[in-house]
Amino acid sequence: MRKPIMAGNWKMNKTAAEGTALVREMQKDLLAVPAVDKVFCPSFLAVPDVARAVAGTELAVGAQDLYWEASGAYTGEVAPAMVREFCDYVIIGHSERREYFGETNETVNRKIVAALAAGLVPIVCVGETRALREAGETQAWVRGQVVAALQGLTGEQVAGLVIAYEPIWAIGTGLAATPADAEEVCGGVVRATVRELYGDAVAEAIRIQYGGSVNAGNAFEIMSQPNVDGGLVGGASLKAADFIKIVQDAARAKGL
Ligand code: PEP
């Protein structure tokens, strides 16, 4: 069975002090939830303090981005080894980075390759716009993003990845995908594409999250879907009680 993975994407919220306080507030309850990976993804400047706050526990830290070069004259960027010093995970290709910061399928692939080389677990985001969904293009679009993201990777590397299916129309809107729609894309598109490219063993190993307006009220049903192995949670991960309930519900949904 795949180990569920619940990650909080804090986006550009929480200072280092606020982030540390939030983690301290949630720590005990989250650690009581068995057999689920729990990951906090703070802003870069909060990462070291949050990492120190969870050191020695099962709670993990992820960055929200990285750059693919190892070092050099890239003002403002953060290298994979710098991320790895504090983090086990890194979000790559979030739709906000694709939309506002010019990320493409090609840059996403370069970042995945660099992250893997540094020993990080990439959480790779894919998902369609509302216009694409309404045009019936969801399947082709998401499949194309997955194929491009995985370019050049070995089966072993792909088996260790996390892919987050995040329909853009559901992010931050309060309009989550229905559990059936989440399952259809996570299983019928993302996992199916991995199966087509890498075979059954890799497809069964890779973990696929759903993200987009996951909250304390809908997490159980979404996480109950067999091809949804966890969630990437934005807004609700900033509220201690909500994120704790979401993680507890994910464990319950998986019978843990
Ligand atoms: C996200 O940004 O990854 C996300 C899913 O946000 P929200 O949960 O706020 O929709």
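First listed ligand is number 1; within each ligand, the first listed atom is number 1. Residue numbers start at 1 and run along the sequence shown.
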Q | Test item, Gly212 contacting ligand 1 (heavy atom, 4.0 angstrom) | A | yes
Q. Quick one: which ligand 1 atoms are inside 4.0 Å of a heavy atom on Gly172?
A. 7 (P), 9 (O), 10 (O)
Q | atom 8 (O) of ligand 1: the protein heavy-atom neighbour that sits closest, reported with distance to 0.1 Å | A | Gly234 N, 2.8 Å
Q | Donor-acceptor under 3.5 Å (Lys28 side chain, Met26 main chain) | A | no
Q.
Could you identify the single nearest non-hydrogen protein atom to atom 1 (C) of ligand 1 and state the distance to 0.1 Å?
A. His94 NE2, 3.2 Å
**Q.** Close N or O approach (Gly235, ligand 1; < 3.5 Å)
**A.** yes
Q | Part of Ala170 within contact of ligand 1 (heavy atoms, under 4.0 Å) | A | backbone
Q.
Less than 4.5 Å apart, side chain to side chain, heavy atoms only: is that true for Val83 and Val78?
A. yes
(Q) A side-chain contact here means heavy atoms from C-beta on lying under 4.5 Å apart; do Glu184 and Val189 qualify? (A) no
Q) Does a side-chain heavy-atom distance below 4.5 Å link Val147 with Thr193? A) yes
Q | Identity and separation of the nearest protein heavy atom to atom 5 (C) of ligand 1 | A | Glu166 OE2, 3.1 Å
(Q) Below a 4.0 angstrom heavy-atom separation, can you tell me which part of Asn9, side chain or backbone, both or neither, approaches ligand 1? (A) side chain
Q) Short question: side chain of Asn218, backbone of Ser213 - any donor-acceptor pair under 3.5 Å? A) yes
